[in-house]
Engineer: 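One structure, as structure tokens, below. Some questions next.
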Amino acid sequence: MKKEFDFVGRRKIFLIISGCILALGIIFNIVFGVNMDISFTGGTQLSYSHTGEVNKDDVKRLAADILKKDIDDVEDVAGAVTITLSERITLEEQDAVTKAMEEKYPGQEITLAKASSLDAPMGRMFFIKCLVAVALAALLLMVYVAFRFRKIGGWSAGIAGLLALLNDMLIAYFAFVIFRIPLNDNFVAVLLSILGYSLNDTIVVYDRIRENRRLMDPKTPIREVVNRSINQSFGRSFNTSLCTFTAVAVVAIMALVLHMDSITSFAVPMMFGIISGFYTSMCLCAPVWVAWVEHKEKKEALEKAAGKSADKKKAKKAKKA
């Protein structure tokens, strides 16, 4: 038989690797902070398509003079200049900026392509609702795993799966932080996508464990059953993750080349989520679950031994009496 890799025996190494990566992400988060899109913080974003050259500094001064407000940023990418400020503006103010832009750059086909304006309280409420939706999705997935695999672990398997999913979501979040991608509605889409994708890999492993416990000798140690199950699932999960990662990477590269920021902000974090999902499903989830099962079995064995010892003492006292 082909020699199997000992995933369970090396779980401490895998946990240390994961812990170091998360610690690095936390350091980046503390040092650089996180950029929040106006979808979550509130504010205004006006995007104008144009032909010819447009000077960003001139556009910033123009918008500031018209609105009498501080302009946070002006970007000019792929024939579209975008004005961003942290305050909400009225339709009249928006029309005034558009008119001023048309007068400033006549003959350059200045057109308002996109306008977003949101109050700060509404942005924060939207952000909270998104986090609640992700949390509910994660909890429901944990319940699903616990119910589906109730014969091999139930809630312990579900909790191990939830911890792995939390790790994957943190990795995706840190990708936003490290690459300075503003948190927007794509952030929620990435988290939900990773939840589904990572859970699928975890279910494959758990399903194999359930099948092997039925086929193998009932006295086979749980770590041996899990190791065999992970080794049997590894090839399939690796090939699936590689194909998915390659497809998303191609999308990310094309989006970067074409300056399609809305797609880049989804594809880049998703690439890291796919890698993390494969890693946690193979190296963390089931091995950590084995630690829980072995601890429970050891505790039950100690309680059983203590019970037998107590029974013997009672029997001796009864004989003496």
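Values in this document were obtained by computation on a predicted structure and should not be read as measured data. Only heavy atoms go into these numbers, but all of them, side chains included; no hydrogens, no water, no symmetry mates.
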Engineer: Give me the atom names and distance for the closest heavy-atom approach of A115 to Q94.
Structural biologist: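 Looks like CB-OE1, 3.6 Å.
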
Engineer: After noting the C-alpha distance and the side-chain angles of W289 and I209, does the key distance pass the side chain to side chain contact (heavy atoms under 4.5 Å, CB included) rule?
Structural biologist: CA-CA 12 Å; W289 173 70; I209 293 171; 4.1 Å; yes

Engineer: Can you tell me if Y48 uses its side chain to pair, donor with acceptor, with the backbone of A80 under 3.5 Å?
Structural biologist: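 Looks like no, no N/O pair under 3.5 Å.
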
Engineer: Should F179 and V251 be regarded as members of a common hydrophobic cluster, given that ILVMFWY residues are connected when their side-chain heavy atoms come within less than 4.5 Å of each other, either directly or indirectly?
Structural biologist: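 No, F179 does not connect to V251 through the hydrophobic network.
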
Engineer: Heavy-atom distance under 4.5 Å between the side chains of Q108 and V54, does that happen here?
Structural biologist: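 Yes - at least one pair of side-chain heavy atoms lies under 4.5 Å apart.
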
Engineer: Please answer: with hydrophobic residues joined when any side-chain heavy atoms are less than 4.5 Å apart, are W155 and F147 in the same cluster?
Structural biologist: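 Different clusters.
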
Engineer: Test of understanding: clusters of I, L, V, M, F, W, Y form through side-chain heavy atoms closer than 4.5 Å, transitively. Do I275 and F238 belong to the same one?
Structural biologist: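 I275 clusters together with F238.
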
Engineer: What is the distance from atom CG of L136 to atom CG of L131, rounded to the nearest 0.5 Å?
Structural biologist: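 Here the rounded value is 11.0 Å.
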
Engineer: Should I181 and I194 be counted in the same cluster of Ile, Leu, Val, Met, Phe, Trp and Tyr side chains packed under 4.5 Å apart?
Structural biologist: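 Yes, because I181 and I194 connect within a single hydrophobic cluster, where side-chain heavy atoms sit under 4.5 Å apart.
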
Engineer: So which atom in L85 and which in K69 form the shortest heavy-atom distance, rounded to 0.1 Å?
Structural biologist: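 In terms of heavy atoms, the two residues are closest at CD1-CD, 3.9 Å.
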
Engineer: Quick one: does any side-chain atom of Y279 pair with a main-chain N or O of F14 as donor and acceptor, under 3.5 Å?
Structural biologist: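 Yes: the side chain of Y279 pairs with the backbone of F14.
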
Engineer: Report the distance from atom CG of N200 to atom OG of S281, rounding to the nearest 0.5 Å.
Structural biologist: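 Here the interatomic distance stands at 8.5 Å.
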
Engineer: How are the rings of F7 and F234 set relative to one another: parallel (under 30°), tilted (30 to 60°) or perpendicular (over 60°)?
Structural biologist: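 Ring orientation, 0 to 90° scale: tilted.
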
Engineer: Verify the distance criterion only: is there a donor paired with an acceptor across the side chains of N186 and S262 at less than 3.5 Å?
Structural biologist: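 Judged by distance alone, the side chains do not pair up.
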
Engineer: On a heavy-atom basis, which atom in V81 and which in H50 lie closest, and how many Å separate them?
Structural biologist: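 Distance-wise, the nearest heavy atoms are N-CD2, 3.8 Å.
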
Engineer: Answer whether the closest heavy-atom distance between the side chains of M216 and R228 falls below 4.5 Å.
Structural biologist: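 Yes, close enough: below the 4.5 Å cut-off.
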
Engineer: State the CG-CD1 distance between D65 and I71, to the nearest 0.5 angstrom.
Structural biologist: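 CD1 of I71 is found 9.5 Å from CG of D65.
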
Engineer: With the side chain counted from C-beta on, respond yes when N167 and S18 share a heavy-atom pair under 4.5 Å apart, and no when they do not.
Structural biologist: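 Touching, per the 4.5 Å side-chain cut-off.
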
Engineer: Could you tell me whether the side chain of C285 reaches within less than 4.5 Å of the side chain of Y206, counting heavy atoms only?
Structural biologist: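 The answer is yes, as the side chains (C-beta and beyond) meet within the 4.5 Å cut-off.
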
Engineer: Can you give me the closest heavy-atom contact between P269 and T264, atom names plus distance?
Structural biologist: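 Answer, listing the atom of P269 first, then T264: CD-O, 3.8 Å.
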
Engineer: Quick one: do Q45 and T84 satisfy side chain to side chain donor-acceptor pair (under 3.5 Å)? Show the steps, please.
Structural biologist: CA-CA 5 Å; Q45 196 169 66; T84 303; 3.2 Å; yes

Engineer: Should E211 and R214 count as an ion pair when the cut-off is N to O under 4.0 Å?
Structural biologist: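 Yes, this pair counts.
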
Engineer: Look at E92 together with K99 and state whether they make a salt bridge at an N to O cut-off of under 4.0 Å.
Structural biologist: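 The answer is no: the pair does not qualify as a salt bridge.
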
Engineer: Do any N or O atoms from the side chain of T220 and from the backbone of D217 form a donor-acceptor pair under 3.5 angstrom?
Structural biologist: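 Yes.
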
Engineer: Has R213 got a side-chain atom pairing as donor or acceptor with R210's backbone, closer than 3.5 angstrom?
Structural biologist: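 No, the answer is negative, given that no donor and acceptor are paired below the 3.5 Å cut-off.
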
Engineer: Quick one: does any side-chain atom of S241 pair with a main-chain N or O of F278 as donor and acceptor, under 3.5 Å?
Structural biologist: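 Judged by distance alone, no pair lies under 3.5 Å.
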
Engineer: Determine, stepwise, if the pair R11 / V288 fulfils side chain to side chain contact (heavy atoms under 4.5 Å, CB included).
Structural biologist: CA-CA 7 Å; R11 65 181 172 226; V288 168; 5.6 Å; no

Engineer: Give the minimum heavy-atom separation between L183 and M36, together with the two atoms involved.
Structural biologist: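 Taking every non-hydrogen atom into account, CD1-SD, 3.6 Å.
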
Engineer: Taking M169 as the starting point, is it possible to reach F28 by hopping between hydrophobic residues whose side chains are less than 4.5 Å apart?
Structural biologist: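 Yes, because F28 and M169 connect within a single hydrophobic cluster, where side-chain heavy atoms sit under 4.5 Å apart.
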
Engineer: Looking only at non-hydrogen atoms, find the nearest pair between A175 and F272 and report the distance.
Structural biologist: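 Minimum heavy-atom contact is CB-CD1, 4.1 Å.
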
Engineer: Go through F176 and F187 one step at a time and tell me if the ring-ring contact (aromatic ring centres under 6.0 Å, His included) criterion holds.
Structural biologist: CA-CA 8 Å; F176 276 90; F187 173 65; 5.3 Å; yes

Engineer: Under the side chain to side chain donor-acceptor pair (under 3.5 Å) criterion, do Q232 and N212 qualify, and how do the steps go?
Structural biologist: CA-CA 10 Å; Q232 290 172 343; N212 282 334; 3.0 Å; yes

Engineer: Are F174 and I26 side-chain neighbours, meaning at least one heavy-atom pair lies under 4.5 Å?
Structural biologist: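 A side-chain contact under 4.5 Å exists here.
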
Engineer: Would you say D207's side chain and I203's backbone share a donor-acceptor pair under 3.5 angstrom?
Structural biologist: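 Checked: no pair found.
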
Engineer: Donor-acceptor pair, S276 side chain versus I171 backbone, under 3.5 Å?
Structural biologist: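 No; judged by distance alone, with no hydrogens or angles, the pair does not exist.
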
Engineer: Report the C-alpha distance between D58 and Y105 in whole Å, list the side-chain angles of each, state the deciding distance to 0.1 Å, and finish with yes or no for side chain to side chain contact (heavy atoms under 4.5 Å, CB included).
Structural biologist: CA-CA 11 Å; D58 289 343; Y105 299 100; 3.7 Å; yes

Engineer: What's the separation between atom OG in S86 and atom CG in D73, rounded to the nearest 0.5 Å?
Structural biologist: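 Going from the OG atom of S86 to the CG atom of D73 covers 11.5 Å.
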
Engineer: Should L112 and S49 count as side-chain neighbours, where that means a heavy-atom distance under 4.5 Å?
Structural biologist: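 SC-SC contact between L112 and S49 ruled out.
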
Engineer: Rounded to the nearest 0.5 Å, what separates atom CE in M101 from atom CG in L46?
Structural biologist: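 Answer rounded to 0.5 Å: 9.0 Å.
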
Engineer: Would a 4.5 Å heavy-atom cut-off, applied to side chains only, mark L195 and L141 as touching?
Structural biologist: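 Yes - at least one pair of side-chain heavy atoms lies under 4.5 Å apart.
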
Engineer: Measure from the side-chain N and O atoms of S265 to the backbone N and O of D261, and report whether any donor-acceptor pair falls under 3.5 Å.
Structural biologist: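 The answer is yes, because a donor-acceptor pair under 3.5 Å joins these two groups.
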
Engineer: Between D57 and K60, does any side-chain N to carboxylate O distance fall below 4.0 Å?
Structural biologist: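 No, no charged N to carboxylate O under 4.0 Å.
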
Engineer: Show the numbers, then the answer: is there a side chain to side chain contact (heavy atoms under 4.5 Å, CB included) between F40 and C130?
Structural biologist: CA-CA 10 Å; F40 293 151; C130 288; 4.1 Å; yes

Engineer: Counting distance only, does the side-chain N/O of N231 pair as donor-acceptor with the main-chain N or O of E4 below 3.5 Å?
Structural biologist: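 Flag not set: sc N231 to bb E4 has no pair under 3.5 Å.
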
Engineer: Using only heavy-atom distances, determine whether the side chains of N29 and Y173 contain a donor-acceptor pair under 3.5 Å.
Structural biologist: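 A donor-acceptor contact under 3.5 Å links the two side chains.
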
Engineer: What is the distance from atom OG1 of T51 to atom CD of E109, rounded to the nearest 0.5 Å?
Structural biologist: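 So the OG1 of T51 and the CD of E109 are separated by 4.5 Å.
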
Engineer: Please determine if R223 and E294 form a salt bridge, counting it only when a charged side-chain N lies under 4.0 Å from a carboxylate O.
Structural biologist: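 Between E294 and R223 there is a salt bridge, with a charged N closer than 4.0 Å to a carboxylate O.
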
Engineer: Scan I89, T44, T90 and name whichever one has a side chain to side chain contact (heavy atoms under 4.5 Å, CB included) with L67.
Structural biologist: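 Passing option: I89.
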
Engineer: Could you tell me whether a side-chain N or O of T280 sits under 3.5 Å from a main-chain N or O of G277, the two making a donor and an acceptor?
Structural biologist: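 Yes; at least one donor-acceptor contact below 3.5 Å.
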
Engineer: Give a yes or no on whether N55 atom CG has more than 12 heavy-atom contacts from other residues, nucleotides or ligands under 6.0 Å away.
Structural biologist: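 Yes, CG of N55 has more than 12 neighbouring heavy atoms, counting only those of other groups under 6.0 Å.
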
Engineer: Counting only heavy atoms not in R150, do more than 12 fall under 6.0 Å of its CZ?
Structural biologist: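 Result for CZ/R150: enclosed.
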
